[in-house]
Structure formats: structure tokens, C-alpha cells
> 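Please read through the structure below; I'll follow up with questions.
Since we're looking at a predicted model, the values are computed, not measured.
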Amino acid sequence: MRRYDVIIIGAGITGLMISYKLSHYKLRILTIDKNPEPGWGVSRAHAAIVHVVQLPFKSLKSKLARLGNPELIKICEELGVRYKRTSTLILATELHQLLSLPFVYLYLKVNLRGFDVKLRGRGYLMREEPNLSKRVLGAIEVNGYAVVDNFDLLYGLYEFSKMNGVDFSFNERVLGIEMRDREVRVLTDKGEYEASYLINAAGLWADEIAKMTGEDIEFEPGKGILVIFDKPVSKRLLAPLYLKPDPKTKGGAIMFTHDGRGLWGPNLRMASGKEDISVDGQDIEMIMGKFSKLIDADPGIPLKAYAGIRPIPPQNDFIVRRSGERMIHILGTESPGFTASPALANIVIGMLGIRLEEKEVRKREKFRRARDDPKNSKGRVICLCNLVTEEEIREAVRRGSRTLQGVTFRTGACMGTCQGSRCLADVLEVMASEMGVDVREIQLRGDGSWIVS
């Protein structure tokens with residue numbers, strides 16, 4: 001039986017952030033995840049926005065988002081992850097909203113210390129964001145936001161952790177947990193492990209892991225749909241002003257991705273279950289109707305709509321608590337869990353009570369892309385929409401991706417305007433060549449999801 005100092009259940013943004021931070025110390029660490037690759041749970045389907053405003057401000061998730069905001073940007077820089085700084089315009093489109101702007105501004109100014117908050121008049125808005133609707137009467141601008149290459153961050157945290165001593169086991173399910181005086185025993189479908197400490201960072205399934213130790217908690221699965229367009233309509237994030245905000249969501253916005261696509265949403269409705277990532281026409285109509293009134297411009301070609309599931313706990317807030325002396329649960333890591341992840345990791349590591357001895361670490365080599373520096377790129381272009389070369393696909397395989405989704409998440413291949421209709425066959429051929437297998441052996445996401453028969 002293998003023994004570790006710390007075992008982490010879950011390789012989403014929270015589990016990976018804890019792995020990343022603990023990999024700086026002389027510890028034996030194992031991270032277990034039921035998915036084929038890191039970040040394939042809740043962490044793969046969100047807007048990748050580094051947030052500032054999260055109500056209510058006294059909540060733990062709001063406090064940790066404000067603490068995690070600058071640290072997440074710093075970690076992106078250390079790992080060579082792409083991001084774009086921006087701000088959010090909270091827009092007033094009705095007279096009563098305009099009259100309330102000074103009061104909302106003062107409220108945000110008091111609660112967002114360290115972040116720049118400004119009142120913006122209609123003239124400024126039309127000059128800076130010419131695509132805004134003529135219905136917009138004024139706004140509050142909040143600086144400190146950023147848009148991150150989410151998959152590069154997830155894989156970057158994983159690669160750094162792995163190269164600095166963290167063991168990872170994917171496609172492995174936890175079946176049981178036995179709490180003892182001096183250690184915790186973890187039973188999986190692949191074997192057994194012992195550890196001095198166990199961290200439950202299983203995201204949407206963290207409630208099920210918690211029940212294995214006698215904890216009584218149930219998540220409400222909330223589903224949010226996002227729509228991707230081929231172009232952005234603004235330089236900033238555009239959000240409507242809500243005088244009675246929904247405590248379960250920030251309400252969504254007109255956004256953009258790190259590589260210059262438009263991104264609208266999300267909405268929020270209850271899902272039928274944790275696996276429900278379906279999208280229907282009503283979802284699209286709701287998003288288009290909600291946000292299209294904020295602009296007087298064509299949003300471009302809709303490329304794709306996708307759904308993400310968030311674990312909404314009864315308290316509607318993050319829960320970080322012990323189970324005995326040797327296990328820590330991180331529960332309800334919904335939005336803004338992405339932004340809060342560094343601060344969450346700091347809290348958990350502080351709760352471990354373990355002796356931390358620093359060690360020399362190796363730096364992660366940046367994943368280089370032709371579209372970041374086209375003039376100096378070399379090799380055959382496979383994906384014309386996103387300018388992805390053969391070498392990038394091979395590099396994704398070398399770094400551990402064995403499925404089509406893993407390669408597309410790392411490189412952006414098959415995620416452009418044509419959604420893979422022109423490049424899919426070439427991507428599969430390059431993957432098969434690098435892996436030394438027949439193209440029929442490559443799967444979409446594992447679990448028998450064959451592509452070529």
C-alpha cells in the first residue's frame with residue numbers, strides 16, 4: 001500500500017491549485033481524479049473570468065475572490081499562461097437605474113478597497129464602446145478583471161505540480177474512506193492508499209465524498225449556458241445593473257475570450273442532475289434576449305453553446321471544514337471558485353498543520369502557439385481558423401493528452417469558426433502518428449467515445 005503525506009481528491013481548479021502550492025515543499029502528494037485529464041469537471045465549462053464583484057460582500061466566496069484575484073494573475077505570469085486585463089461596465093438602461101448609480105457606486109467603492117471604481121457618463125461610454133446601445137444612460141466601471149486561457153492554466157498547474165513531484169492518478173474513482181487516529185485510508189477502484197491528511201476538492205461530487213465520512217450535505221446542481229460568437233463586440237465586459245441581484249448568480253454579461261471570441265452568458269437554471277449539460281433553444285433565446293439590448297451591433301456568427309454545472313450548497317457560500325483531525329472538505333465551489341482558488345488553497349494548507357519545508361522547484365515551460373507569434377512560427381498549419389500547427393498537436397500529446405478533447409483544449413484546434421469540419425481528420429492523423437497507434441484507437445474523451453470506426 002502506497003503512503004503519502006497528503007492525498008487530494010479532485011483535479012479541478014481547486015485541487016490543482018492546492019497541488020501546485022504544495023509542490024513547492026518537501027512532501028509526498030497524490031492527486032486523484034475520476035476524469036481522463038485534469039480540469040475536466042466543473043472547471044472546464046465556465047467563462048474563465050477573474051472576478052471582482054461578488055455579492056454579498058460579507059460572504060466567504062466574495063472575500064476569497066477579492067484575495068485570490070491578484071494572486072491568480074501572478075500565477076498565470078509564473079506559468080506563462082495567457083490572459084487579458086479588462087474592466088466591467090455595469091450598465092444602467094432605465095431612468096430609475098441611472099438615478100441609483102451614485103448610491104451603487106458608493107457601495108462598491110466602500111466594499112472594493114484596492115480596486116478602481118468609477119462613475120461613467122453616456123458620452124464617455126459611447127466614445128469608448130461605440131457598439132453600446134443608445135438605451136445605455138450611464139455606468140459604473142470596475143477595474144481589476146481579467147480573461148484567462150482557462151485550459152492552459154489548468155494544464156499549467158498540472159504540469160508544474162507533476163514535474164515537481166506530485167503523483168497524479170486519472171480515471172480513478174474513490175469508493176470509500178476510512179478515518180484512523182494517525183492516518184486516512186482511501187479505497188479506490190484501482191487500489192488503496194494511506195495518507196496523513198486527505199483533502200476533498202471533488203467539486204460537483206464533493207458532497208458524495210463528504211458522505212463517505214459521515215457528513216450530511218446535498219448540492220443543488222445549477223446549470224449555466226454560454227454562447228460563443230466569432231468576434232467580440234466590446235473591449236470591456238458589459239453587465240446590466242440589477243438593483244435586486246440574485247444571490248445565486250452574478251447575472252452574466254457580454255464578455256470575450258482570451259483569443260478574441262465573443263462570449264455571452266451565463267444564465268442560471270436548475271439542472272436535472274450532475275451530468276445534465278444539455279442546451280436547448282429556450283436557453284439561447286433567454287441569453288440573446290437578455291444581452292442583445294445592451295448593444296447596437298451584430299455579435300457575429302454563433303459558433304457554439306455549452307453548459308456548465310455548478311454545485312450550489314444550501315448556504316449558497318463556500319464551505320471549508322474539517323472531518324476529524326485528518327480530513328478537510330472544500331464544498332460548494334461554484335462561481336467565483338476560479339478566482340478564489342489561490343486563496344482557498346492558502347486556507348486549506350494553513351489548516352493542515354503540517355510542517356512545510358521549501359524545496360527548489362523546476363519551472364514549467366510555456367506552451368507556445370503559432371497564433372501568439374505567427375511571424376516566428378514554423379511547421380504545417382493544421383487548423384486554419386485558430387492557426388494551430390502540427391507541432392502544437394504533437395506537443396499536446398507529449399505533455400500527456402491522449403484524447404481528442406485533451407488536444408483541442410490545449411491547442412484550440414477544432415474550436416474555431418468551422419468547429420473542426422476542415423481540420424478534424426488531420427488532427428486525428430497527427431495524434432495517431434505521435435502516439436504510435438491506429439487512428440481508430442483515438443477517442444473523443446475516453447470511456448469508449450470512439451471517433452473513427
Side-chain angles (χ1 to χ4, degrees), residues 13-14 17 46-75 83 85-94 96-121 124-125 128 136-148 222 224 236-255 266 268 294 310 312-320 330-347 350:
I13 185 63
T14 305
M17 193 63 73
H46 60 95
I49 301 296
V50 182
H51 284 288
V52 177
V53 177
Q54 172 64 58
L55 300 175
F57 285 122
K58 291 184 179 179
S59 64
L60 179 61
K61 62 184 179 182
S62 182
K63 293 175 182 176
L64 295 186
R66 297 195 299 274
L67 287 172
N69 177 297
E71 188 176 358
L72 187 62
I73 296 298
K74 182 180 178 182
I75 291 170
Y83 70 92
R85 291 190 182 274
T86 187
S87 63
T88 287
L89 291 174
I90 305 172
L91 303 170
T93 57
E94 305 289 343
H96 70 281
Q97 294 176 338
L98 178 65
L99 295 174
S100 70
L101 275 187
F103 302 100
V104 177
Y105 162 76
L106 290 173
Y107 178 69
L108 294 177
K109 191 80 172 175
V110 169
N111 286 281
L112 296 178
R113 299 185 186 279
F115 296 94
D116 189 33
V117 183
K118 287 185 171 67
L119 275 172
R120 297 299 191 188
Y124 173 88
L125 296 173
E128 290 293 313
V136 174
L137 304 174
I140 298 168
E141 184 171 16
V142 182
N143 284 286
Y145 284 79
V147 179
V148 175
R236 298 164 177 82
L237 312 181
L238 308 178
L241 173 63
Y242 296 101
L243 297 180
K244 292 183 179 180
D246 184 339
K248 292 184 178 180
T249 176
K250 291 180 287 297
I254 292 177
M255 303 171 286
L268 177 63
L294 298 179
R310 63 177 66 177
I312 303 177
Q315 298 91 326
N316 194 32
D317 200 0
F318 296 163
I319 303 167
V320 184
I330 310 166
L331 306 166
T333 47
E334 55 164 335
S335 179
F338 179 74
T339 308
S341 58
L344 261 174
N346 292 338
I347 287 178

> Given the rule in the side chain to side chain contact (heavy atoms under 4.5 Å, CB included) test, do Val104 and Gln97 qualify, once you have shown the distances and angles that lead to the verdict?
CA-CA 9 Å; Val104 177; Gln97 294 176 338; over 6 Å; no
> Determine the minimum heavy-atom distance between Ala239 and Leu294, stating which atoms define it.
C-CD1, 4.5 Å
> With a 4.5 Å limit on heavy-atom distance, are the side chains of Arg310 and Leu268 in contact?
yes
> Say you draw a straight line from CG of Leu238 to CD1 of Ile90; how long is it, rounded to the nearest 0.5 Å?
11.0 Å
> Would you find a donor on one side and an acceptor on the other, under 3.5 Å apart, between the side chain of Ser62 and the backbone of Ser59?
no
> So do Pro313 and Leu331 actually touch side chain to side chain, heavy atoms under 4.5 Å?
no
> Hey, which of Asp116, Leu108, Val142, Thr88 is the one that makes side-chain contact (heavy atoms from CB on, under 4.5 Å) with Val52?
Val142
> For His51 and Thr339, work out which heavy atoms get closest and say how close.
N-OG1, 2.9 Å
> How long is the gap from CG on Asn69 to CZ on Phe115, to the nearest 0.5 Å?
4.0 Å
> Okay, side chain of Gln54, backbone of Ala65: is any donor-acceptor separation there less than 3.5 Å?
no
> Would you mind reporting whether Leu72 and Ser341 have side-chain heavy atoms less than 4.5 Å apart?
yes
> Could you check if a side-chain atom of Arg66 sits within less than 4.5 angstrom of a side-chain atom of Asn111, using non-hydrogen atoms only?
no
> Without swapping roles, check the side chain of Asn346 against the backbone of Pro342 for a donor-acceptor pair under 3.5 Å.
yes
> For a quick test of reading the model, state the closest non-hydrogen atom pair linking Ser87 to Asn143 and the distance between them.
CB-OD1, 3.3 Å
> Show the nearest heavy-atom pair for residues Tyr105 and Val117, with the distance to one decimal.
CE1-O, 3.4 Å
> Mind checking the OG1-CG spacing from Thr333 to Leu64? Nearest 0.5 Å is all I need.
11.5 Å
> What's the spacing between Leu241 CG and Leu101 CG if we round to 0.5 Å?
6.0 Å
> When you look at Val147 and Ile49, which way does the side chain to side chain contact (heavy atoms under 4.5 Å, CB included) test go after all the steps?
CA-CA 5 Å; Val147 179; Ile49 301 296; 3.7 Å; yes
> Any chance you could measure Ile330, atom CD1, to Met17, atom CE, to the nearest 0.5 Å?
11.5 Å
> Treating Asp317 as the side-chain partner and Lys61 as the backbone partner, does any N or O pair qualify as donor plus acceptor under 3.5 Å?
yes
> Please answer whether the main-chain N or O of Val53 pairs with a side-chain N or O of Tyr145 as donor and acceptor at a distance below 3.5 Å.
yes
> CD of Glu94 to OG of Ser100: how many Å apart, nearest 0.5 Å?
11.0 Å
> Looking at Arg236 and Glu128, is there a salt bridge between them, counting it only when a charged N and a carboxylate O are closer than 4.0 Å?
yes
> Decide yes or no for Phe57 and Val110: does some side-chain heavy atom of the first lie under 4.5 Å from some side-chain heavy atom of the second?
no
> Give me the atom names and distance for the closest heavy-atom approach of Glu334 to Phe318.
O-CE2, 3.4 Å
> Which atoms form the tightest heavy-atom contact between Ala343 and Leu67, and what is the distance?
CB-CB, 4.0 Å
> Are any non-hydrogen side-chain atoms of Leu89 and Ile140 less than 4.5 angstrom apart?
no
